[in-house]
Amino acid sequence: MSDQNNENTQGSSAEPQVPAGQPETQTGSASTQSAQPQPAQPQAVPSAVPAAAPVSAAVTKAELKAAKAKAKVDAKLAKVREKEAQIQAKADAKAQAKVAKSKKIEPAPTEPAKPEPAVPAADPGPAEAKIPDAPAEPAAPAPAVKSSAAPSVDDAAQRPATEVPAQGKADAGSLPEPSADAAASAPEKNGTSPAPSTASAAAAAAAVQPASPNKPAPEAGKAAEARAAEAAPTASKKTKGSTTSAEQADTSEAPAAAQKPQGSPKAARRREKLERARAAAARDAEHSPTRRKTGAVLLSLAAVLASGGLVAAGSLLAPSPDTTTLPAAVTSLPAGDALSVCASTPQLLKGVDGTDPQFAPGAKEISSNLRSVVVSDLAKRIPGSTFSALGGSSRQTLTERIDDAEASESRSADDQGLTGRSAKVSTVNNADGKQLFEVQPLGQLPSIGSTLRSYQAKDGDLAGLAAASCQVPASTWRFTGLQTTTGSTSVLHLANPTSTSAQVAVDLRGPEGPIDTSTLQNVVIAPGEQRAIVLGGYAQDLSAVAATVTSTGGKVTGYVQQAALRGLTPSGVDLVAGNASASNTQVIPGVWIDNKNNSAKLSKDNKSLVPQLHVAAAGAQGAGYKVKVLGAGGEVAASFERNLAASSNATSVQNLDQLAGGYYTLVVEADAPVTASVKMVRGADPKDASDTAWAVSSNPLAGNQVMPLSANGTGKFVIAATDADSSIDAVVVAKDGKLQKTQKLNIKAGTSTVFDPRETSEVAQAVIFSSDANAYIGQVILGSEQSIGWASMPAANAGREGIVVNVGG
């Protein structure tokens with residue numbers, strides 16, 4: 001922008017300017033060179049206004065340019081008048097000679113009039129040298145004078161006073177004139193000399209007079225105009241006086257001699273053009289004060305905007321640049337109570353397919369428990385925690401709440417100056433419905449705490465073991481490994497614990513691709529409400545179904561209650577948790593494989609009763625993938641097909657019965673985003689009940705997290721390190737809340753290990769984990785009666801989340 005402005009400024013000043021008093025032929029040649037019309041160049045706007053630029057200096061320079069243009073026009077007009085006077089003098093002399101010859105009277109010799117000394121034209125250089133310092137690029141410079149002729153009065157009124165078409169220059173150049181000195185010194189044939197042009201001298205004197213710093217330029221322009229007006233009558237009188245003697249010679253011929261000859265048509269047209277140009281210059285001088293005020297205001301405004309550093313200044317003074325979007329910043333808010341929703345006790349489906357089905361108890365001997373644990377801060381303050389039914393009713397206090405003012409204080413030691421931690425474990429029985437678990441923050445930071453639902457039934461259609469960690473609300477949930485085959489039921493449970501209504505969309509994908517769920521695209525869940533959706537009503541008789549739940553508005557929690565029957569024989573119950581986000585790498589910790597003898601017996605009549613890996617493509621492009629199996633000694637050899645792939649928005653299934661019995665971690669590496677889960681099966685006799693559990697892909701451990709042990713069965717933690725070695729601190733929490741000695745678990749990259757808390761304490765209730773590198777943890781739960789369950793590591797409490805603030809965008 002600034003480079004373009006410099007070019008425009010130099011171009012306007014570099015146009016040839018003919019000083020007053022120089023031969024007219026110079027003006028004509030210069031004008032002829034620029035006679036071709038030039039395309040209009042947009043006036044560039046300065047990109048910045050110098051803070052120290054004086055407004056008066058910029059305005060004075062513009063006014064001086066206007067005054068010079070006007071003086072130049074006056075000088076040219078005086079030359080035309082002088083030439084006309086010479087022509088008139090010649091005509092008068094010839095007329096006088098004719099009259100004398102006709103009467104045979106010898107004309108008396110007339111003494112040549114002494115020409116008045118011509119005032120030399122001033123060089124504009126000295127006048128400009130005396131102008132005060134002005135900024136190199138004034139905000140509103142007056143355009144340079146390009147010609148001394150104007151096309152018409154109307155055009156001169158509409159255009160700037162100094163703007164003249166190039167055609168005017170060509171006309172002026174086609175009429176060469178002698179210089180003023182030559183006209184003054186050359187006597188006529190009849191002995192008379194031309195009268196000097198007083199108007200030309202006055203105009204030249206006005207141009208020579210330098211601008212006074214104390215006197216504004218508009219006043220100087222007006223003074224020059226007045227002097228030129230006064231000089232015009234004087235020149236006319238002198239011209240008339242030169243013909244008085246000839247008129248007195250013969251009064252009888254006076255009428256004939258008084259008729260003055262007219263000049264050439266070209267001279268008349270040129271005079272008319274010069275008169276119009278002079279009028280335009282006069283108007284320009286008259287309006288210069290208004291422009292001065294406007295320019296001063298604009299310059300002042302630009303200076304204020306530039307000095308203030310306003311972003312809007314660029315849009316006012318120059319074309320708007322590309323908008324720069326600053327990255328969205330997250331504004332942290334003081335932590336509020338951490339919320340999580342616990343799954344309800346599994347119940348037998350009763351009623352029609354669709355939403356909001358009815359349930360009935362599925363067994364007589366049921367053990368359903370909620371085990372929670374909260375950890376103190378370094379000052380050993382236990383945060384308050386409660387259970388309540390979804391919606392806030394039936395509140396049950398687990399730990400007493402600390403006064404909010406005291407709880408907001410950050411403390412690193414207790415009243416005795418001792419630093420340490422303690423914990424509180426609570427186990428609640430017969431809490432069948434969905435429960436809302438709340439934990440108070442301490443020191444304006446979220447407290448460490450979580451809850452685990454565990455279920456075990458020894459009879460009924462829902463015999464088996466199931467477990468699920470209580471969930472933090474989220475906007476997206478993904479599930480892999482759902483089944484709707486004959487005898488199987490899959491019910492999606494959604495809950496809205498927030499104070500904002502949630503609009504939920506459910507998408508299903510089967511082994512062959514997407515499934516029509518147009519009626520599940522606008523499921524509204526009010527605050528404190530829940531929904532249950534029977535997936536078999538939309539995807540019938542499918543052995544591999546993946547689901548995606550997306551919520552707009554309030555965040556929701558989700559899990560799938562899944563159960564199966566082989567005729568009248570229970571074939572397992574589970575609470576399927578959500579997968580980690582779809583990505584090219586999925587890690588599934590805590591995969592348990594039964595020994596091959598039991599698997600062979602159980603699957604003899606039913607080939608589906610084997611451990612399986614389900615991989616679902618999350619996009620229309622599908623995904624190719626490979627599988628790694630990690631054990632305690634590293635990667636385990638496993639025979640899979642070379643080219644494993646999941647079709648577009650479909651699910652691929654691979655059997656894992658080739659693996660020996662034990663604990664593993666499976667890693668799926670794909671060339672496109674996928675989700676993955678593993679179905680685990682436990683049982684030996686097809687005539688007896690068997691159980692299933694789904695281990696899902698998990699997120700890595702982040703910071704300090706605590707996970708309770710299942711109140712039913714025996715839980716063990718499977719910990720894996722995939723890409724790098726990991727060091728984990730594990731602190732076992734006893735039943736009385738005391739923390740046991742910290743154990744350091746070093747896990748090599750590419751291995752998976754098993755940690756049993758009961759080897760540290762027989763009354764272990766929970767374990768606090770902290771890691772300095774990525775590690776994946778899952779809890780495998782084995783119970784009596786050939787049952788199995790699995791639970792994911794709960795997400796760390798976030799309290800009240802920050803809000804996104806866009807700056808400048």
Side-chain angles (χ1 to χ4, degrees), residues 338-345 367-376 382-387 396-399 421-431 434-439 446-456 465-472 557 559 575 577 589-590 693 695 698 701-719 728-740 743 754-770 777-783 788-797:
L339 303 178
S340 58
V341 177
C342 305
S344 60
T345 299
S367 175
S368 182
N369 310 94
L370 287 171
R371 175 169 287 175
S372 67
V373 57
V374 289
V375 181
S376 71
I382 301 294
S385 59
T386 60
F387 276 143
Q396 179 180 357
T397 300
L398 302 176
T399 56
R421 291 186 184 273
S422 62
K424 173 66 176 179
V425 179
S426 303
T427 302
V428 178
N429 301 320
N430 303 321
K434 293 183 179 65
Q435 296 291 317
L436 186 64
F437 179 58
E438 299 182 61
V439 183
S447 298
I448 302 174
S450 65
T451 302
L452 178 72
R453 162 77 75 180
S454 63
Y455 161 90
Q456 186 169 16
L465 178 65
S469 298
C470 298
Q471 300 171 337
V472 176
T557 61
Y559 69 93
L575 299 174
S698 302
L701 178 67
N704 295 326
Q705 293 172 258
V706 61
M707 186 174 189
L709 289 168
S710 174
N712 295 286
T714 301
K716 295 181 180 180
F717 296 97
V718 178
I719 309 172
I728 297 178
D729 291 336
V731 179
V732 176
V733 180
K735 188 175 182 178
D736 58 1
K738 291 183 179 180
L739 274 58
Q740 307 301 305
Q743 299 186 53
V754 179
F755 174 67
D756 186 358
R758 287 182 171 82
E759 293 180 357
T760 302
S761 173
E762 295 181 356
V763 291
Q765 302 287 297
V767 179
I768 303 172
F769 294 100
S770 61
I777 302 177
Q779 182 178 173
V780 179
I781 307 165
L782 300 177
I788 184 174
W790 186 92
S792 62
M793 192 75 186
N797 292 331

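Along the sequence shown, residues carry numbers from 1.
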J.: From Ile777 CD1 over to Ile719 CD1, what is the distance, rounded to the nearest 0.5 angstrom?
T.: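 Taking CD1 in Ile777 and CD1 in Ile719, the distance rounds to 4.5 Å.
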J.: Pairs of donor and acceptor atoms involving the side chains of residues 756-770, under 3.5 Å and at least two apart or interchain, shall be tabulated with distances.
T.:
{"from": "Asp756", "atom 1": "OD1", "to": "Arg758", "atom 2": "N", "distance (Å)": "3.2"}
{"from": "Thr760", "atom 1": "OG1", "to": "Gln743", "atom 2": "NE2", "distance (Å)": "2.2"}
{"from": "Ser761", "atom 1": "OG", "to": "Val763", "atom 2": "N", "distance (Å)": "3.4"}
{"from": "Gln765", "atom 1": "OE1", "to": "Arg371", "atom 2": "NE", "distance (Å)": "3.3"}
{"from": "Gln765", "atom 1": "OE1", "to": "Arg371", "atom 2": "NH1", "distance (Å)": "3.3"}
{"from": "Gln765", "atom 1": "OE1", "to": "Arg371", "atom 2": "NH2", "distance (Å)": "3.2"}
{"from": "Gln765", "atom 1": "NE2", "to": "Val763", "atom 2": "O", "distance (Å)": "3.4"}

J.: Kindly say whether Gly590 contributes a backbone atom to a donor-acceptor pair with the side chain of Trp790 at under 3.5 angstrom?
T.: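 Pair found, side chain donor or acceptor close to backbone of Gly590.
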J.: For the pair Ser469 and Met793, evaluate side chain to side chain contact (heavy atoms under 4.5 Å, CB included) and give the outcome as yes or no after the intermediate values.
T.: CA-CA 7 Å; Ser469 298; Met793 192 75 186; over 6 Å; no
J.: Can Val425 and Val373 be said to form a side chain to side chain contact (heavy atoms under 4.5 Å, CB included), step by step?
T.: CA-CA 4 Å; Val425 179; Val373 57; 4.0 Å; yes
J.: Just to verify, what does Asn429 make a side chain to side chain donor-acceptor pair (under 3.5 Å) with, not counting sequence neighbours?
T.: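 Side chain to side chain donor-acceptor pair (under 3.5 Å) list for Asn429, sorted by chain: Asn369.
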J.: For Ala468, which residues count as a side-chain contact (heavy atoms from CB on, under 4.5 Å) partner, sequence neighbours excluded?
T.: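 Leu575.
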J.: Which residues satisfy the side chain to side chain donor-acceptor pair (under 3.5 Å) test with Ser426, sequence neighbours excluded?
T.: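 Scan of Ser426 (side chain to side chain donor-acceptor pair (under 3.5 Å), adjacent residues dropped) gives none.
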J.: Do you know the tightest heavy-atom contact between Thr345 and Ser368?
T.: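 So the minimum-distance heavy-atom pair works out to OG1-OG, 2.7 Å.
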J.: What distance do Arg421 atom CZ and Asn704 atom CG have between them, rounded to the nearest 0.5 Å?
T.: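 Taking CZ in Arg421 and CG in Asn704, the distance rounds to 6.5 Å.
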J.: Can you sort out the partners of Ser344 under side-chain contact (heavy atoms from CB on, under 4.5 Å), two or more places apart, ordered by chain and number?
T.: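 With sequence neighbours excluded, Ser344 shows a side-chain contact (heavy atoms from CB on, under 4.5 Å) to Lys434, Tyr559, given in chain and number order.
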J.: Could you grab the distance from atom OG1 of Thr399 to atom CD1 of Ile382, nearest 0.5 Å is fine?
T.: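 CD1 of Ile382 is found 7.5 Å from OG1 of Thr399.
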J.: Just to verify, what does Ser447 make a side-chain contact (heavy atoms from CB on, under 4.5 Å) with, not counting sequence neighbours?
T.: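 Ser447 satisfies side-chain contact (heavy atoms from CB on, under 4.5 Å) with Pro383, Val439, Leu442 once adjacent residues are dropped.
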J.: Residues two or more places apart in sequence or in another chain: which of them pass ring pair (Phe, Tyr, Trp, His ring centres under 6.0 Å) with Phe387?
T.: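 Result, ring pair (Phe, Tyr, Trp, His ring centres under 6.0 Å) vs Phe387: Phe437.
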J.: Could you check whether any side-chain heavy atom of Val341 comes within less than 4.5 Å of a side-chain heavy atom of Gln471, counting everything from C-beta outward?
T.: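 A side-chain contact is absent here, since even the closest heavy-atom pair is not under 4.5 Å.
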J.: Quick one: do Gln435 and Thr451 satisfy side chain to side chain contact (heavy atoms under 4.5 Å, CB included)? Show the steps, please.
T.: CA-CA 10 Å; Gln435 296 291 317; Thr451 302; over 6 Å; no
J.: Quick one: pull up OG in Ser710 and CD1 in Ile781 and give me the separation to the nearest 0.5 Å.
T.: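 Going from OG on Ser710 over to CD1 on Ile781, the span is 4.0 Å.
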J.: Check side chain to side chain donor-acceptor pair (under 3.5 Å) between Ser454 and all other residues, then give those that pass, not counting sequence neighbours.
T.: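 Side chain to side chain donor-acceptor pair (under 3.5 Å) check on Ser454 returns Asn712.
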J.: Measure the CD-CG distance between Glu438 and Leu398 for me, rounded to the nearest 0.5 Å.
T.: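 It comes to 10.5 Å.
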J.: Got a sec, which residues hit side chain to side chain donor-acceptor pair (under 3.5 Å) with Asp729, two or more places apart in sequence or on another chain?
T.: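 Counting only residues at least two positions away or on another chain, Asp729 forms a side chain to side chain donor-acceptor pair (under 3.5 Å) with Lys744.
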J.: Atom OG of Ser450 and atom CD of Gln705: how far apart are they, to the nearest 0.5 Å?
T.: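 The distance works out to 8.5 Å.
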J.: Compare every heavy atom of Ala431 with every heavy atom of Val428, then report the nearest pair and how far apart it is.
T.: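 Looking at all heavy atoms of both residues, the shortest contact is CG1-CB, 4.1 Å.
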